[in-house]
Every structure is written in C-alpha cells, then in structure tokens.
Undergrad: 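Structure in structure tokens, see below.
Chain letters run A, B, ... following the sequence lines, proteins first, then strands; residues in each count from 1.
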Amino acid sequence: MEETKNTNENPVERKPKNFIYEIIDEDNKNDKWGGRVHTRFPPEPNGYLHIGHAKSICLNYGIARDYNGKFNLRFDDTNPEKEEQEYVDSIVEDVKWLGGDFGDRVFYASDYFEQMYQWAVELIKKGKAYVCDLNAEEIRASRGTLTEQGKESAYRNRSVEENLDLLERMRKGEFENGAKTLRAKIDMASPNFNMRDPIMYRIVHADHHRQGKDWCIYPTYDWAHGNEDSIEGITHSICTLEFQNHRPLYDWFLDSLGVYHPQQIEFARLNLSYTVMSKRKLLQLVKENFVDGWDDPRMPTISGYRRRGYTAESIRNFAEIIGVAKRDALTDISLLEFAVRDDLNKNAQRAMAVLKPIKVVLTNYEGEENLEAVNNPENPNAGMRLVPFSKELYIEENDFMENPPKGFHRLIPGGEVRLRYAYIIKCEEVIKDDDGNVVELRCTYDKETKSGTGTSTKKVKGVIHWVSAKDAVDAEVRLYDRLFVVENPGTEEDWLSKINPQSLEIISNAKIEPFIRNAKQQDKFQFERMGYFCVDTKYTTPGKLVFNRTVTLKDSWKK
RNA sequence: AGCCGGGUCGUCUAAUGGCAGGACAACGCCCUUUGGAGGCGUCUGUGUAGGUUCGAAUCCUGCCCCGGCUGCCA
C-alpha cells in the first residue's frame, strides 16, 4: 500500500480495478466532485477489526491512494452502550499496521453531535421530523409488515413549537430511556421499512466513552451516517450490501437538509470459509473463552492474523486477489493462505526445527563441525549461516517409518536419506522401549557425501531436516488448525458446536538450531519442510521461546 | 408475500453487443539437497426458456434460485 509512484498516470486511462473505480472514473469525467476523491473507513468501536474490515480498509484507502485523494478514519461512535476506548485503540493500531494511512484525519461521529442536533432542529422546522411518545413496542406494532403498510403515529402532527420544545427537553434529560424518540416524517406506507418514519434520536442515559455525560440523546445510524459523510466532505461513501435498503433514507436526510451530499455505494462483504465474521459472534468467542482473546491466532481478526505471523503485505495482496463486487460470496480460505505463503516464501529466514524429535546416533562419527546453510533460497542477499553438526542428532519422528508405504522416500530400516546441508546417513539399527516405541536410531554416515563438496555421486530420494542434540534450543511450538469444522459456520444454528476441538496443538519440546536463540517477538521463519512460524508476542518470555505456526507449507505428498 | 439487490470454472474475479480470460484449488509432467519454491501442461463455467441481432455472459420478456429488509444496533 505504500507505493505512491505512478501518481501522474491519469486514473481514467487505467483499467478500472472494479465497479467502484468505474463509478469514480465516470464521476471524474463528468466533474461531479471537481476531481476530488475522498473516502473513509467508519468502524464502530464495539469490537476488534477483522479480515472483512481489512478488505474495506484496503478498498477505501486504496481508492484514495490511486486517485490522489484523501482517506479518513472515522469512529462511528453513536451507541455509548457498546463502545469502549480499548476498541478505539485497537482499531487505530490495526488500520495503521495494515498500511491504511489516514495521516492526522482521525474523526469521531460524537464530535459532530452538536451539528447533528442543530440539523435535527432544522428538520423539525421544515415539518420533516417530530417527537413521538410511542414506546419501542408500540412503534414496532405500528410499523406494519412486509405486505401491510404501517400506521401513522398519533404524535405525528404535533406543532413545530411543541416538537422543538420536546426535543430540547429530551436533550436536557427530562425523560426516561425510551420514553420519547425523534422521528423523521416520511411515509408509513413505503414498501421500504427504512422510510416508515425512522427514528433519528433515542434517549439513552449512559456515559459515552468520549463525551461522558454531555448527551443523553444519541443519533441512530441512519440519521448520523450521512451527516458524518457530509461534514467530512466525503465523495464516495462505501459500505456493505445490507445498507442498500438504507440508501433512499441516506439520500432523503441529506436532500431534506439541503447539505453537501456524498454518494453511497455498496459492495459485498467478505465471507471466509471455515470462519465466522460477525462481530457479535467474535465477541462471544472471546467473552466465553472459546479462544484466548481477540488476538488469538485462530481468530480472523487483524490482530489475530498479526500475532499468528501474517504480514500486512500478504493481507493487502489477499484483498487485491479477491476483488470487489456486488454478489454474495464465500471466499475459500486457501486464497488467504496462498497470499501469506507467497509473501513469506520470498522473505522468511529459513531454519531447521524438529517439532517431534527422535534421537539419531551416528555410530561412526566423532567430533563436531559447522555446516553451511542457505538463509533463503529465494533471496541470495540473505546469505548463509553455520549450523553445528555432531554425533547425536534429532530428526522428525515421522521422517522415519519402520513399515513405510509405497512412495515413502525418507528414512527406513537399512535405508539411506540425506540430512539437509550435511551427509547421507544409513539406518543400521532401530532401538525400542519395552512398549515397542522407537526411541533411538543407530545410523552410520558416509563422509564422502558431505553437502556441497561434490565428492559423492550417490543419489538419494529423500532429504530430511535435523538439529544437533547438544546444540539445539528448546522451544514451545503452537500448531493451529481452522477454528471450525464446517465450511460456513456462521449459517449454522448451533455454530458453537462446530468449533474444531483440535484447532490448537501445543508442542512443548521442539528442538531448533541454535541461532534461533536470538529471535525477537514477531520474527518470522520458515522451518524447513514444516511451515512458516513466528515468535509469539504473548507467551514468549526471556527464558522461553514460543512459536506460532502461521501456515503449513504446501505438502504434495499424499499417503 | 411486498420492496431492494444478485446469479460466469470447485472458489474468487474479468470480459460493458465481437475469441468466455486470470488467480486460487485440484491433477499430471519437468526440475529440485525443503515431497517447499520454480517451470510446463491439463481439467472445469455464462441459472433457465424465449426474443432482438450478422453476432448476446452483456440488451428485452417470463420463470427459477440466492441474499438483505418488519432494532430506539451498525
């Protein structure tokens, strides 16, 4: 996202990325906004941002960047009962991390409350709004149904003076929660429910995380949102499909006020297979401890992916890959995994780590030596490192099979395999405990086969990783799997029962080559043949390294 | 049932009256001291029935299917 080059290129000449770019190109051609492009990302601070928000951030920020426009971060904080400063802080951090550059343009809907109030007064004066005494249940009952029109409120035709007086007293706190509302006077017969005299203000005696006790009436989304966009001079107000039915109301408020009127455009929200995306459900996973907080590496939150080892770059690329359209979609999680593998493959330092160790003793090897290993075959500039080698090693438990299936070309009794960057070894003896478990392999090495010397013509099919037993660093490794066992858990009645009981496996005795000792939080590695891993930010301590598996390597070996 | 929106490979997305293309996934081959990466290749699609047209994914009509809407949430 940070590239700003090619900004001289005329956007109209460029192939539009999606239907929203087409709209903007058209607007610019017609000089609709005087060439301005100004977008915004308007989260409510009632939870942490998830990957669906990332799509929206990339879209909105990307548009501003591509058209040399502006991008606002705006907190839509109109509901004091659900919003908290903790969420504000996390959102700021996540948007920045993703690369959504809002500069100093952080805004709060709550800062516009006075302006919105004045506009409400204007609407009353124009005869387009009224104070209604009906309670929630009465309003619901009078709204009608899908096929029947609603009934007009008995309070609909109060005088302007009475409405003005009542609204002022609502603001002063003279009435209980829910006792009165301010409603737009539109059309109780409209086939669109949103136009059946929607509520503009409700009475909520609650402390607001920023405004404290200043207000006890709060604007509803429909009343507030267009006002916010108008005040900020937004040109294209991009939101998700479920707001399509609200667009006539968005337009009605702004037209009735006669103020600056941005254009609302809707696109399909992201749904990802094997995950839930609703904030309500994510909140429940956190509150009821199904996961270890909002940034649990199994969560589809931005902070969860970050902690898991996803890069901002890979999430941006993912957003680019999936595109933007208006049809509902369930995006396969493999697209996201591809994006992160693609990035990490090019950039992650390689290391050898044995997750489930089994001891190998080289009966004909004495002494020790340091062997050269490539840090990143995709990047020659990453250089080389030295890996200690000695008589006693660990290899991966499942790189040895006593009774291998056809096509298995790793270590078997009497068979040979190459140790990556080292020698070819032969398994001479299998040592078992009383229960018949393999506990040690006695092997011989062929000193003519040292890696890189070209002194051997011997060829083996298999190459396995290893670590020197006395040099290895112990670490905890956390292996994650998808959080749900069904493709679309969000649509399941009993979605909590679809949680994958094996979504986390903790390995406490992994053995890693010694340079890993200096790894810092969030450092990313490819453990060769095992996958991509990063140092966990929550459980790593000075004395103990904890790694999260970001994603596996693609493994084409099938049993 | 009323209104609004939407239906293109298994998945996501292009083609805006003129060769249905790309990516992911899958599969095969080549290469490989990561069963990774890379290279090459294969497979698979316009919901349906009509109409307009030299020509339709695209325009028109009917039907079918999917999503959203009856919060003082956003």
Undergrad: Does A:F338 have its ring centroid less than 6.0 Å away from the ring centroid of A:F318?
TA: no

Undergrad: Verify the contact: side-chain N or O of A:R202 to OP1 or OP2 of B:C73, cut-off strictly under 4.0 Å; return yes or no.
TA: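 For B:C73, OP1 or OP2 has a side-chain N or O of A:R202 closer than 4.0 Å.
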
Undergrad: Where the side chain of A:R140 is concerned, which of B:G35, B:G36, B:G71 is the nearest nucleotide?
TA: B:G71

Undergrad: Can you confirm whether the side chains of A:Q211 and A:Y218 place a donor and an acceptor under 3.5 Å from each other?
TA: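 Short answer, no.
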
Undergrad: Would you please confirm or rule out a distance under 4.0 Å between OP1 or OP2 of B:G71 and any side-chain N or O of A:T220?
TA: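 For B:G71, neither OP1 nor OP2 has a side-chain N or O of A:T220 closer than 4.0 Å.
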
Undergrad: Relative to A:F193, does A:R196 satisfy both conditions: NZ or CZ under 6.0 angstrom from the six-membered ring centre, and within 45 degrees of the ring's axis?
TA: yes

Undergrad: I want to check a possible cation-pi pair here: A:R74 against A:F41, using under 6.0 Å from ring centre and within 45° of the ring axis as the test.
TA: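 No.
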
Undergrad: Can a side chain N or O of A:R143 be found less than 4.0 Å away from OP1 or OP2 on B:C72?
TA: yes

Undergrad: In terms of side-chain geometry, is the basic nitrogen of A:E228 or A:R40 positioned less than 4.0 Å from the acidic oxygen of its partner?
TA: no

Undergrad: Once pairs are restricted to Watson-Crick or G-U wobble with both distances under 3.5 Å, how does RNA chain B read as a dot-bracket string, [ ] for crossings and | for other-strand pairs?
TA: .((((((..((((....[..)))).(((((.......)))))....(((((..]....))))))))))).....

Undergrad: Using the 3.5 Å cut-off, write out each protein N or O paired with an N or O of nucleotides 6-8 of chain B and the distance between them.
TA:
unit_1: B:U8; atom_1: O4; unit_2: A:R327; atom_2: NH2; d: 3.3

Undergrad: Return the polar atom pairs (N/O with N/O) between nucleotides 22-25 of chain B and the protein under 3.5 Å, or none.
TA:
unit_1: B:C24; atom_1: O2'; unit_2: A:S334; atom_2: OG; d: 3.1

Undergrad: Do we see a donor-acceptor contact under 3.5 Å between the side chains of A:N46 and A:K279?
TA: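 Yes - a donor-acceptor pair under 3.5 Å links their side chains.
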
Undergrad: Considering heavy-atom distances to RNA chain B, does A:F408 or A:L330 have its closest nucleotide positioned more toward the 5' end?
TA: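 Going by which nucleotide is closer to the 5' end, it is A:L330.
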
Undergrad: Pick one: which of A:K185, A:R143, A:R156 meets side chain to side chain donor-acceptor pair (under 3.5 Å) with A:D197?
TA: A:R156

Undergrad: Quick one: on RNA chain B, does A:Y221 or A:T449 contact a more 5' nucleotide (nearest heavy atom)?
TA: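 The residue whose closest nucleotide sits nearer the 5' end is A:T449.
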
Undergrad: Please report the distance, rounded to the nearest Å, between CG in A:N245 and P in B:G2.
TA: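 So the CG-P distance, A:N245 to B:G2, works out to 16 Å.
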
Undergrad: Taking the six-membered ring for Trp, are the ring centroids of A:F525 and A:F533 within less than 6.0 Å of each other?
TA: no

Undergrad: So which nucleotide from B:U33, B:A37, B:G2 ends up closest to the side chain of A:T147?
TA: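 Of all the options, the side chain of A:T147 is nearest to B:G2.
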
Undergrad: Applying side chain to side chain contact (heavy atoms under 4.5 Å, CB included) to A:Y155 and A:V131, what does each step give before you reach the verdict?
TA: CA-CA 7 Å; A:Y155 306 95; A:V131 172; over 6 Å; no

Undergrad: So, for A:Y250 and A:H246, is the gap between ring centers shorter than 6.0 Å?
TA: no

Undergrad: If I take atom NZ from residue A:K82 and atom CZ from residue A:R280, how far apart are they, to the nearest 0.5 angstrom?
TA: 10.0 Å

Undergrad: From the list B:C72, B:U33, B:G36, which nucleotide is the closest neighbour of the side chain of A:V463?
TA: B:U33

Undergrad: Where does B:G38 fall, syn or anti, if syn means a chi angle no more than 90° from 0?
TA: anti

